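In what follows, chains are A, B, ... by sequence order, proteins preceding strands, each numbered from 1. Every value quoted in this text rests on a predicted model; they were computed, and no experiment measured them.
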Number of protein chains: 2
Amino acid sequence: MKPRHMHLTNDCRAVSDVLQRVGDKWTVLVVSKLGGGPLRFNELRNTIGGISQKMLTTTLRGLERDGFVTRTVFPTIPPRVDYELTDLGRELLVPVQALGDWALKNIDRVDAARARFDAGRGP
Amino acid sequence: MKPRHMHLTNDCRAVSDVLQRVGDKWTVLVVSKLGGGPLRFNELRNTIGGISQKMLTTTLRGLERDGFVTRTVFPTIPPRVDYELTDLGRELLVPVQALGDWALKNIDRVDAARARFDAGRGP
DNA sequence: CCGCATCCAACAGGATACTG
DNA sequence: CAGTATCCTGTTGGATGCGG
């Protein structure tokens, strides 16, 4: 006998799940780089700049697990691994970019608010 | 002599700034509750459920600093504090809810991908 | 009622060194 | 080249107690 509000808590889980993935330090950057087409591990590493090997691996594993990117290994020597957005990943990019665009358009207002807030505190 | 790419790094800062705020544990929940109108501190605390006093305070301060909510103190005894979305806050809600809706619509696909991924690893 | 201060556990994330 | 393993740090967030 499932409570009728079950879907509510579940929905919250779903939403904050996605939001936290989007909010972590590198995911959005990686996904948007992959938006231009498939890239190899080190191509990603270089075009991003500042990301550690560990975090790139971790981020990509998470994205792969959630079905946002595919990982293709070419068994050559030296090895070569391509990462590419799935359909799901490209669809995610739409609302995420909308949010990004909003951020760009309104960052000045946010910065102004911060300056105002900090001014009323420090001195 | 500012480098011509300056705005690029700045843009990144702006975007990841907003994304991290949105991605933290409670911000979106708080903002969406406030979407229905102003609420007092403990009203928020109760309708959310599971948030600690400390985190609610921290979250609200951050939102206030960034200009997303206003904080109104009524100097009564006992004190009463109302929080309300600003115009900026309400505008933020638009792309954020779009992302939330996307999450709800696609959570099944994500869960399926996770199940597939985990199945191919454990045994 | 509102919120700050403190302590503490858990985790995110960076640097480095080592493998196939 | 593309990882895995290890260590170490800062930050996040929960619990509790005090104060206006």
Side-chain angles (χ1 to χ4, degrees), chain A residues 12-13 16-31 33-34 38-66 69-84 117-118 120-122, chain B residues 12-13 16-31 33-34 38-66 69-84 117-118 120-122:
Chain A
C12 280
R13 203 261 314 162
S16 74
D17 228 53
V18 171
L19 287 176
Q20 292 219 211
R21 177 157 295 289
V22 164
D24 81 15
K25 200 169 176 181
W26 300 108
T27 293
V28 168
L29 211 46
V30 169
V31 170
K33 294 292 181 188
L34 288 176
L39 289 172
R40 303 180 54 171
F41 188 86
N42 271 359
E43 287 175 338
L44 267 174
R45 186 154 165 49
N46 294 330
T47 60
I48 290 182
I51 190 172
S52 66
Q53 226 170 22
K54 177 190 176 181
M55 286 317 297
L56 183 51
T57 304
T58 306
T59 302
L60 287 168
R61 282 292 173 284
L63 288 171
E64 191 195 356
R65 186 171 111 94
D66 286 1
V69 308
T70 55
R71 178 172 179 271
T72 312
V73 181
F74 300 88
T76 57
I77 295 182
R80 167 194 175 131
V81 182
D82 276 18
Y83 292 91
E84 185 172 14
F117 185 89
D118 294 345
R121 299 230 136 195
Chain B
C12 280
R13 202 263 311 163
S16 75
D17 229 51
V18 171
L19 288 175
Q20 292 221 206
R21 178 158 294 289
V22 164
D24 81 13
K25 201 170 177 182
W26 300 107
T27 293
V28 168
L29 212 45
V30 169
V31 171
K33 295 291 181 191
L34 288 177
L39 289 172
R40 303 181 55 170
F41 187 85
N42 272 359
E43 288 175 338
L44 267 173
R45 186 155 165 48
N46 294 330
T47 60
I48 290 182
I51 189 172
S52 65
Q53 228 170 23
K54 176 188 177 183
M55 286 317 298
L56 183 52
T57 304
T58 307
T59 302
L60 287 169
R61 282 293 171 285
L63 288 171
E64 190 194 357
R65 186 171 111 94
D66 287 2
V69 309
T70 56
R71 178 171 180 272
T72 312
V73 182
F74 299 88
T76 57
I77 294 183
R80 166 195 175 132
V81 182
D82 276 18
Y83 292 92
E84 183 171 15
F117 185 88
D118 294 344
R121 300 228 134 195

Participant: Closest to the A:T57 side chain: D:dG3, C:dG13, C:dG3?
Facilitator: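 Given the options D:dG3, C:dG13, C:dG3, the side chain of A:T57 is closest to D:dG3.
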Participant: Any sub-3.5 Å donor-acceptor pair from B:D24's side-chain atoms to B:T27's backbone N or O?
Facilitator: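 Looks like yes, one N/O pair under 3.5 Å.
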Participant: Which nucleotide wins on minimum distance to the side chain of A:S52, given the candidates C:dG14, C:dC1, C:dC4?
Facilitator: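 Comparing C:dG14, C:dC1, C:dC4 against the side chain of A:S52, the answer is C:dG14.
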Participant: Where each residue is assigned the nucleotide of DNA chain D containing its nearest heavy atom, which of B:Q53 and A:D82 is assigned the position nearer the 5′ end?
Facilitator: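 It is A:D82, whose closest nucleotide lies nearer the 5' terminus.
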Participant: Within the structure, does a side-chain N or O atom of A:R61 lie under 4.0 Å from either OP1 or OP2 of D:dG3?
Facilitator: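 It does, given that an N or O in the side chain of A:R61 lies less than 4.0 Å from OP1 or OP2 of D:dG3.
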Participant: Could you check how far CG of B:L56 sits from C1' of C:dC2, rounded to whole Å?
Facilitator: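 Roughly 10 Å, once rounded to whole Å.
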Participant: Donor-acceptor pair, B:R45 side chain versus B:I51 backbone, under 3.5 Å?
Facilitator: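 Yes, B:R45 side chain to B:I51 backbone: donor-acceptor pair under 3.5 Å.
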Participant: A:F41 CZ to C:dT19 P: how many Å, rounded?
Facilitator: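 Atom-to-atom, A:F41 to C:dT19, this comes out as 18 Å.
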Participant: In whole angstroms, how far is the C1' atom of D:dC1 from the CG atom of A:L44?
Facilitator: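 In whole Å, D:dC1 C1' and A:L44 CG are 14 Å from each other.
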Participant: With rounding to the nearest 0.5 Å, note down the distance linking CE in A:M55 to NZ in A:K25.
Facilitator: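 Going from the CE atom of A:M55 to the NZ atom of A:K25 covers 8.0 Å.
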Participant: Taking CZ from A:R21 and C1' from C:dA12, how many angstroms apart are they, rounded to a whole number?
Facilitator: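 Going from CZ in A:R21 over to C1' in C:dA12 covers 13 Å.
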Participant: Check whether any side-chain nitrogen or oxygen of A:R40 sits under 4.0 Å from OP1 or OP2 of D:dA2, and answer yes or no.
Facilitator: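 Yes, such a contact exists.
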Participant: Hey, is A:R65 close enough to B:D118 for a salt bridge, meaning N to O under 4.0 Å?
Facilitator: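 A salt bridge is present here (some side-chain N lies under 4.0 Å from a carboxylate O).
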Participant: Between D:dG3, C:dG3, D:dG14, spot the one nearest the side chain of B:K25, thanks.
Facilitator: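 Looking only at side-chain atoms, B:K25 lies closest to D:dG14.
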Participant: Would you please confirm or rule out a distance under 4.0 Å between OP1 or OP2 of D:dG3 and any side-chain N or O of A:R71?
Facilitator: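 Answer is yes, contact under 4.0 Å.
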Participant: Find the distance A:R80:CZ to C:dG20:C1' and express it as a whole number of Å.
Facilitator: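 In whole Å, C:dG20 C1' lies 19 Å from A:R80 CZ.
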Participant: Mapping B:W26 and A:V73 onto DNA chain D by nearest heavy atom, which one lands closer to the 5' end?
Facilitator: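 Residue closer to the 5' terminus by nearest nucleotide: A:V73.
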Participant: Among C:dC1, C:dA17, D:dG14, find the nucleotide with the atom closest to the side chain of B:N42.
Facilitator: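 Nearest listed nucleotide: C:dC1.
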Participant: In whole angstroms, how far is the P atom of D:dT6 from the CE atom of A:M55?
Facilitator: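 Distance, rounded to whole Å: 18 Å.
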Participant: Examine distances only and state if a side-chain atom of B:E43 and a backbone atom of B:R40 form a donor-acceptor pair shorter than 3.5 Å.
Facilitator: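 Answer holds: yes.
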Participant: In whole Å, what is the span from the CD1 atom of A:I51 to the C1' atom of D:dA2?
Facilitator: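 Whole-Å distance recorded here is 14 Å.
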Participant: Let me know the distance between CG of A:L39 and P of D:dA2, rounded to the nearest Å.
Facilitator: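 Rounded to the whole Å, the gap is 11 Å.
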Participant: Among the nucleotides C:dC1, D:dT6, D:dG3, which one has an atom lying closest to any side-chain atom of A:K54?
Facilitator: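 So the side chain of A:K54 is nearest to D:dT6.
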Participant: In terms of side-chain heavy atoms of A:P79, which of D:dT4, C:dA15, C:dG20 is nearest?
Facilitator: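 Nearest to the side chain of A:P79 among the choices is C:dG20.
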Participant: Is A:Y83 close enough to D:dG3 that one of its side-chain N or O atoms is under 4.0 Å from OP1 or OP2 there?
Facilitator: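 A:Y83 to D:dG3 OP1/OP2: side-chain N or O found under 4.0 Å.
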